[in-house]
Novice: 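Sharing a structure here in structure tokens format.
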Amino acid sequence: MQILRSPSLKSRAATGSALAVLGLALIAPPAFAQVTTSGDTSAQAEGSPSRAQGEEIIVTGSRIARPELEANVPIAALPAEALEQDAAINVQDTLSELPQVGIGTSRTNSNFLTGANGVATVNLRNLGSNRTLVLVNGRRFVAGLAGSSAVDINNIPTDFIERVDVVTGGASAVYGSEAISGVVNFILKSKFDGIQARGQYGITDRGDNPRYMGSLTVGKSFMDDRANIIANFTYDRDAGLFSRNRSISDQDCFAVDSAGVGISSPDQCGPAFYSSYAAQGRFELLDANGARVNALNGQGLFTFDPSNNLVTGFPVGSGFNRNAARRISVPLERYLGSAIANFEIADGVTLYAEGTYGRVKSSSQIEATPLDYTDLYDQSPGNIGIPITNPFIPAAVQAAIAAANGDADPSNDVSALGFRRRQNEVFSRSNTADRETWRVAAGIRGNILNDWRYDISYVYGHLKDFTASQDIDNARYRNALDAIVDPGTGQVVCRDPAARAAGCVPINLFGFGTASPQASAYVQSAIPKSERITNSQQVASINLSGDLLELPGGKLAIALGGEYRKEKSVDDLDELTNTGGNSGNQIPDTRGSFDVWEVYGEANVPILSEVPFFHYLGLTGAARYSDYSTVGKVFSWNAGAEWAPVDGLRLRGVYAVANRAPNIGELFSAPAETFPNVTDPCIGVSSTGFNATTTSSAQAATCRSLPGFGANVAASPTGSFFYDLADIQGINGFDGGNINLQEETAKTLTLGGVLTPRFAPGLAISVDYFRIKVKDAIGTVPRDISIGQCLETGATEFCQNVIRNTNTGRLTTVNSQLANIADLKTSGIDVAVRYNRALGLVTDDRLDVNVFYTYLISLQKRAFAGAPLEENRGQLSGDGRLGAGFKHKASARLGYTFDNVTLSWQVNYLGKIVDTLGGYGDANLDVLNNVGDRFYHDVQARFGVGEDKKFEFYLGVDNLFDKAPPFLPSGFASNVTGTETAADTYDPFGRRFYAGARVKF
């Protein structure tokens, strides 16, 4: 699987004074907490003066309803109003604008995935989607990827969201595994009376990538408001975007030439960089050992011009422009249905149910398969390439072969033809994906003994994902290439009578479009390439919370509970993929499951309140004990403190120990075979010397002690350790899971405060420092590292991956198995500002300013013990890095409302960054390596009709100034294949216009 990268930020602001406010906010640092009352699901700012005294606050990150207290952890909240002003059809696009959110799987980085095309995941703090816990109404949601815990948020309709809470930092003690980098909690609308319909259409100013949606929400309360039901149906479609539709990516590009030297821009794109796997084919004459023979006018290569005339050699311009067939963004079509029902069966006792159904269709589009003769022929004697008896070989080439083979010089004999050919007319390897997800949550909640609340619930979630593409049957393809002329009919037929009886049709690969439909159909696999994923999740939980006793600072509140969870995942691949009978390597199915029993507790201890210098002082704590069927017993906990020396200033801090248990894929993925390119430091080592540039003295000493070293050197033509070509080509390896994995452990710290000054009503400012350290993170050791470190240190964690032939000392197998070997760390400062007030310019006007900003201090990874520390701060994602480490990242929105009109202007900021720290040591490459900062501006105007706004229409422009993405061609670490930029980080679409309307009945 090739993984690429998530849409960038967006924007809004207004007039000169507003820009000054935004500018100051962007210079300072933003991240910000909002909370919600138990009786009103509209979001409020921390310290909002509109909240009534004594009102109980339900805060994501805690299971305790606490009167008058703000969140003890920083929360970035997106209310429904923010989603409306953003006008994003897919909620991932809005979340990606938050500075806390890194790069997940998305429409702009999944075109080249073998599965998961169009899946939308959330990646907090760039620590990985598997370390981000996604909840819906505080409860878990079934995973959207095979063997993973990552949730596909495509299944959450935007119009059904009341708000989104983003809590960063370890929350495992409250919510369990995966909550290492934080929690994203989607709070859905719970009550609505009437009918609401909304429609929206958008398109870029180039006239492409249309997006449209329709949404219908209905709700009804009855039985004197003791019962209510609300439901939503949403349909939307994003047509995607082809690479050829943007000048930055309409041709193949590459950053370096064949010698590895950087090429100056704009010479990095065009025919010189087209693929040698040409649509008309690139053919070479081979001897019995597979070496090239220059027997065709002094050349060993030939191809064809657009008229299918024979061309000797392979001139520049003969290749294939892959970007002409690729996508920047995959298309997505969604059918979403959601419903919530509540029924108060008695005073203080409510039955509730939530239902979600999502059907998501997507597809990838990449260039046809580049088939190489070595994909079909194993290079054993007599099985090198296309037989020279094939009658489709051009007459001039047949004559050259006959001359070479008949000149009594065996050194230039031709035994077979090798080839590289794009399979344009033969089969398509692009995926089509169809996913169905459904989830039901049901339970009962209520009050007992006045101050105690209980909630008992059960959740069942199910994912069914089918991804399919065409492929070839290797055996059939070889039969079709082994063609002869039937002497009786003069027709070209397959040589093998059994193959002919089975329907074999000879295939002609020599030229453009030469493969007939009948031959193409024959060589395609009878079993299409496919992947069927089935995930299921069951969660049963009980929670009890209430007040134990009165303390000087208020009531001591606790929450206690238990949870049982079972997860199962099946990744079922087609039979030919299982056996290695198609164009790819052999990959087995993955099946696995686990369950976990958990108990937890949480306490809020108010020590002092309303005394000098202690407007409030309190402690918080939580603990969770888990017993997994896989890793055994795990303990998570957190402890925190809150101090408000005066009204309007609140300081807070939380230290947490969080855990992530390995997921099903990491544990149970069966070993999949690959044939890696590896380097053995033993090459060149002799009994007395070694190459100091590639081998250390310790490695050389170990090489000399290998069984078979002496025999290898004795047989070597150079007197030192060597490999035959067949040995190099035969080195295999297996990638897979590890049932011996243990949990990851994170230690997280947040310190900060909230300021709500009385002298500035409507202003709330939060500043928080965060630090997350992950030990024993699950990862793989690169194969070359395993080889080198095994020789250097003899450590088991490296040597267990390396297998050598005891007779020759040569490598035979180098595995790459998952292990608890990595360390991760990130730290930074979040700042959030919210300000709202009436300006008095017109009646009932209001100004709203919201700013989020993150200053990144560090983003580090150590791949394994003893490995160098990789600092990702200041460089883009790619090559196994943690993510785009922007030092400065911000999002600010200014809105002004008067009468029935709302105007908004949003600005999203991405700071200066480089593709690779330290540069490339090449002047041409380093020009592109330095990426300047980006401001993206979005504007919107909304107009309501009537006092109750039963009809509303809106229009807007995203990326108002059409800011282009940076040019980062193939060869740069952050390049997303087919886009020639980091398309998951920067906006690859350009200026976009949209309009919509909403009507209520």
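From a predicted model like this one, the values you see are computed outputs, not experimental measurements. Computed over heavy atoms, backbone and side chain alike; hydrogens, waters and symmetry mates excluded.
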Novice: Quick one: do Asp471 and Arg429 make a salt bridge, cutoff under 4.0 Å?
Specialist: no
Novice: Are the side chain of Asn90 and the backbone of Asp93 linked by a donor-acceptor contact shorter than 3.5 Å?
Specialist: no
Novice: Answer yes or no for Arg445 and Tyr352: cation-pi contact, defined as NZ/CZ to six-membered ring centre under 6.0 Å and angle to ring axis within 45°.
Specialist: yes
Novice: Ignoring hydrogens and geometry, is there a side-chain-to-backbone donor-acceptor pair from Gln92 to Thr121 under 3.5 Å?
Specialist: yes
Novice: Would Arg334 and Asp236 pass as an ion pair if we require N to O under 4.0 Å?
Specialist: yes
Novice: Should the pair Lys1000-Glu952 be classified as a salt bridge under the 4.0 Å nitrogen-to-oxygen rule?
Specialist: no
Novice: So does Arg893 get a backbone contact from the side chain of Asn850, meaning a donor-acceptor N/O pair under 3.5 Å?
Specialist: no
Novice: Does the Asn209 side chain pair with the main chain of Gly240, one donor and one acceptor, at a distance under 3.5 Å?
Specialist: yes
Novice: Walk me through whether Tyr954 and Gln85 qualify under side-chain hydrogen bond (donor to acceptor under 3.5 Å, both in side chains).
Specialist: CA-CA 9 Å; Tyr954 56 92; Gln85 292 173 359; over 6 Å; no
Novice: What orientation do His937 and Phe961 show, parallel under 30°, tilted 30 to 60°, or perpendicular over 60°?
Specialist: perpendicular
Novice: Measure the acute angle between the ring planes of Phe951 and Phe953, then classify it against the limits of 30° and 60° as parallel, tilted or perpendicular.
Specialist: tilted
Novice: Quick check: does any side chain N or O of Lys191 sit under 3.5 Å from a backbone N or O of Gly219, one acting as donor and the other as acceptor?
Specialist: no
Novice: Under the 3.5 angstrom rule, does the side chain of Arg439 hit a backbone N or O of Arg140 as a donor-acceptor pair?
Specialist: yes
Novice: Is any side-chain heavy atom of Ile229 closer than 4.5 Å to one of Phe222?
Specialist: yes
Novice: Would you call the rings of Phe898 and Tyr896 parallel, tilted or perpendicular, where under 30° means parallel and over 60° means perpendicular?
Specialist: tilted
Novice: Is the shortest distance from a Lys or Arg side-chain nitrogen in Arg246 or Asp208 to a carboxylate oxygen in the other one below 4.0 Å?
Specialist: yes
Novice: Has Arg991 got more than 12 heavy atoms of other residues, nucleotides or ligands less than 6.0 Å from its CZ?
Specialist: yes
Novice: Measure from the side-chain N and O atoms of Glu178 to the backbone N and O of Ser149, and report whether any donor-acceptor pair falls under 3.5 Å.
Specialist: no
Novice: Could you check whether any side-chain N or O of Asp589 sits under 3.5 Å from a backbone N or O of Val570, counting only pairs where one atom can act as donor and the other as acceptor?
Specialist: no
Novice: Could you go through Thr114 and Asn431, starting from their C-alpha distance and side-chain angles, then the distance that decides it, and tell me whether this counts as side-chain hydrogen bond (donor to acceptor under 3.5 Å, both in side chains)?
Specialist: CA-CA 7 Å; Thr114 56; Asn431 294 335; over 6 Å; no
